[in-house]
Engineer: 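Have a look at this one.
Chain naming here is simple, since letters A, B, ... match the order of the sequence lines and numbering starts at 1 in each. These values consider heavy atoms only, across backbone and side chains, with no hydrogens, waters or symmetry-generated copies. Since the model is a prediction, treat every value here as computed from it, not as a measurement.
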Amino acid sequence: MSQGLSYDEVMEMLPAYVLGALEADEMLAIDEYLRRHRLLEERLQTLQESTAQIALAAPMATPPPRAKEALMARVRSEALPFLQDISAQERRLSINPLLRRAPGSKKPASPLPSPRMTIPSVAPSTSSGRRFQFGWAAAALTAALMLLAIIITSASYQNRIEALQQEIALRDRQLVEMNRQMEALEEQFLSVQNQLAAFTQPDRVIPLTGTEAAPEARGLFLQKQGDGFLFVRGLQPLPTSQTYQLWLIPAEGAPISAGLLGANVAADDGVRTVAIPPEAEGFAAVGISIEPEGGSPLPTGPIVALG
Amino acid sequence: MWLQARRSVDSNHRVEQRRDLDRLVNLFALTDEQLLEQIVQRNAEALETLYDRHAQVVYSLILRIVRNQTGAEEVLQEVFWQIWTSASSYRGSGSAAAWIYRIARNKALDHLRRLKRTTEGNEVEYLDAVADALEPVSSAKNFSVEQTAERNWRAQQVRAALQSLPDEQRICVELAYFDGLSQSQIAEVLRLPLGTVKTRLRLGIEKLERLLLAAGLRGSEALQ
């Protein structure tokens with residue numbers, strides 16, 4: 001089935017795939033597609049991470065302590081043989097004089113204390129007063145070390161928090177920029193969508209032909225509701241002191257300006273989108289004239305195209 | 001002689017206590033991923049630390065899905081037992097938390113499906129269970145007050161994001177995530193065309209992603 005899946009189809013199905021909401025055959029098809037297209041792994045992982053966060057939306061409840069006790073008892077009983085095995089190996093090492101003593105040493109081996117007893121044996125055994133002092137010194141040293149560890153850990157967390165805050169601020173700025181770009185793209189998309197609607201199902205189509213003033217001129221004006229879309233070719237560039245101006249001409253009354261087209265219409269191969277003024281609704285014809293820079297309220301120059 | 005032996009035992013005990021404390025402090029500083037590495041090495045305390053970090057969210061998720069306290073406790077233990085026995089299967093391609101939540105959701109949905117074969121779920125029982133289990137979020141031994149507060153804040157953000165989805169999209173997302181329904185099952189339940197459900201589910205997830213991102217919650221970081 002995946003043979004027939006396109007990239008776009010897979011991208012559309014991925015959210016449902018991650019939620020396990022596809023049918024079995026669809027899941028298999030996506031599995032196969034993903035195996036063959038490793039580039040989608042990153043998108044898949046992002047989706048998995050995002051959907052995993054939905055878990056946090058469940059109403060918070062605290063598990064009873066007995067659940068943890070039962071789990072840890074089971075875990076420790078399972079872990080114990082493993083740890084005992086390690087301890088046994090350590091004990092074998094510690095009680096075997098051949099393994100503990102350096103080769104060549106002639107001193108007979110004496111029974112060794114258990115590992116538990118070996119730790120205090122490093123303390124001096126001269127007098128109880130010295131042991132007492134050593135105990136306090138060790139405790140103070142331990143406390144100092146712990147305090148140092150806490151300070152270092154706190155500083156490390158503080159640094160991490162600051163770094164994260166900076167990164168969040170950076171991401172926020174990026175997000176704002178991305179939102180701005182997205183809005184611009186949405187606007188473009190809407191505009192293209194409107195154009196597409198006008199091209200595929202226009203309300204009116206008005207071909208434009210050049211007049212004697214510009215016999216090469218050709219154009220098309222499409223109307224879709226309150227928007228007009230103009231293609232025009234063959235108009236010669238004008239001096240900068242002049243501009244082409246678009247007119248909507250009602251059956252009765254004076255032409256109504258639908259905007260300036262600039263001095264060099266031919267340089268622009270794109271589609272001009274114009275808003276049809278409400279007072280020009282039901283116009284009978286479309287015309288383009290040459291006007292002074294800045295346009296005119298009524299046509300004053302020669303008409304170059306008409307339809 | 002006896003006194004000397006007793007002092008020696010006390011001293012050993014203190015040394016062991018200090019070692020335990022050091023070990024806990026060390027584990028506390030480890031990331032989830034590092035704890036999983038420790039679990040692979042059969043370190044039970046690492047599992048305990050991981051449990052303290054995630055059990056609340058995992059249990060809440062399971063309870064939301066299975067809607068039964070006894071069942072939720074069983075599944076919770078199954079989830080962490082699987083982590084204990086299969087930590088090596090975590091491949092590090094995403095966050096460990098997301099991996100844990102996926103295990104929890106899958107196990108809870110399996111439990112729910114088994115249960116549905118025998119009896120229907122009971123909403124009243126779920127509400128009772130939640131009421132019993134709802135507590136001010138406490139800071140567990142291996143979970144600092146700051147981390148608890150941060151997780152609560154994230155949970156609020158996720159809830160807010162979910163709530164801000166259009167109802168028709170949110171319902172599809174919740175039915176898929178918490179009830180484990182397929183798109184066609186959702187279409188059947190909601191009496192909607194399958195295509196409509198597919199669109200709503202996709203748009204819902206995509207919008208949720210954007211909202212979470214806007215709230216500063218990027219997947220792997222949000223679940224730390």
Engineer: Out of curiosity, A:Ser50 OG to B:Arg210 CZ, how far, rounded to the nearest 0.5 Å?
Structural biologist: 11.5 Å
Engineer: Rounded to the nearest 0.5 Å, how far apart are OH of B:Tyr101 and CD of A:Glu49?
Structural biologist: 11.0 Å
Engineer: How far apart are the closest heavy atoms of A:Ala61 and B:Ser60, and which atoms are they?
Structural biologist: N-OG, 2.8 Å
Engineer: Please evaluate residues A:Glu23 and B:Gln185 with respect to the criterion side-chain contact (heavy atoms from CB on, under 4.5 Å), reporting the C-alpha separation (whole Å), side-chain torsions for both, the decisive distance (0.1 Å), and the verdict.
Structural biologist: CA-CA 10 Å; A:Glu23 299 306 316; B:Gln185 286 170 322; 6.0 Å; no
Engineer: Would you compute the distance between atom OG of B:Ser184 and atom CD of A:Glu26 and round it to the nearest 0.5 angstrom?
Structural biologist: 8.0 Å
Engineer: Return yes if some donor-acceptor pair links the side-chain N/O of B:Arg105 with the main-chain N/O of A:Leu19 below 3.5 Å, else return no.
Structural biologist: yes
Engineer: Could you walk me through whether A:Gln53 and B:Leu208 pass the side-chain contact (heavy atoms from CB on, under 4.5 Å) test, one step at a time?
Structural biologist: CA-CA 10 Å; A:Gln53 292 187 67; B:Leu208 189 67; over 6 Å; no
Engineer: Given the rule in the side-chain contact (heavy atoms from CB on, under 4.5 Å) test, do A:Ile54 and B:Glu174 qualify, once you have shown the distances and angles that lead to the verdict?
Structural biologist: CA-CA 9 Å; A:Ile54 303 175; B:Glu174 288 186 345; over 6 Å; no
Engineer: In sequence, state the C-alpha distance, the side-chain angles, and the governing distance for A:Arg43 and B:Glu209, and then conclude on salt bridge (Lys or Arg N to Asp or Glu O under 4.0 Å).
Structural biologist: CA-CA 12 Å; A:Arg43 173 64 187 141; B:Glu209 270 193 296; 2.9 Å; yes
Engineer: I need the residue from B:Ile100, B:Val57, B:Leu175 with the largest number of non-hydrogen atom pairs under 4.5 Å to chain A.
Structural biologist: B:Val57
Engineer: Which residues in residues 174-186 of chain A have any heavy atom closer than 4.5 Å to a heavy atom of chain B?
Structural biologist: A:Leu175, A:Met182
Engineer: Compare all side-chain heavy atoms of B:Arg102 with those of A:Thr51 and state whether any distance is below 4.5 angstrom.
Structural biologist: no
Engineer: May I ask you to test the B:Gln183-A:Met13 pair for a side-chain heavy-atom distance under 4.5 Å?
Structural biologist: no
Engineer: Counting only heavy atoms not in A:Glu42 (residues, nucleotides, ligands), do more than 12 fall under 6.0 Å from its CD?
Structural biologist: no
Engineer: Does the pair B:Ile205 and A:Val18 meet the rule for a side-chain contact (heavy atoms from CB on, under 4.5 Å), with working shown?
Structural biologist: CA-CA 10 Å; B:Ile205 291 293; A:Val18 168; over 6 Å; no
Engineer: Tell me, side chain or backbone of A:Gln45 under 4.5 Å from chain B's heavy atoms, or both, or neither?
Structural biologist: side chain
Engineer: Heavy-atom distances under 4.5 Å only: say whether A:Ile161 touches chain B with side chain, backbone, both or neither.
Structural biologist: neither
Engineer: Are there residues of residues 71-80 of chain B whose heavy atoms fall under 4.5 Å of chain A's heavy atoms? If so, which?
Structural biologist: B:Glu73, B:Leu76, B:Gln77, B:Phe80
Engineer: Nearest 0.5 Å, what's the OH-NZ distance between B:Tyr51 and A:Lys68?
Structural biologist: 7.0 Å
Engineer: Report which part of B:Trp84 has an atom under 4.5 Å of a heavy atom belonging to chain A: side chain, backbone, both, or neither.
Structural biologist: side chain
Engineer: Please name the pair of heavy atoms, one in A:Glu12 and one in B:Arg202, separated by the smallest distance, quoted to 0.1 Å.
Structural biologist: O-CD, 3.3 Å
Engineer: With a sphere of 6.0 Å drawn around CD of B:Glu188, does it hold more than 12 non-hydrogen atoms of other residues, nucleotides or ligands?
Structural biologist: no
Engineer: Go through A:Ser156, A:Ala21, A:Pro64 and name the one with the most non-hydrogen pairs under 4.5 angstrom from chain B.
Structural biologist: A:Ala21
Engineer: Heavy-atom distances under 4.5 Å only: say whether B:Leu181 touches chain A with side chain, backbone, both or neither.
Structural biologist: backbone
Engineer: Which pair of non-hydrogen atoms, one from B:Ala44 and one from A:Met72, has the smallest distance, and what is that distance?
Structural biologist: O-CE, 3.3 Å
Engineer: Nearest 0.5 angstrom please: B:Arg159 CZ to A:Leu56 CG, how far?
Structural biologist: 8.0 Å
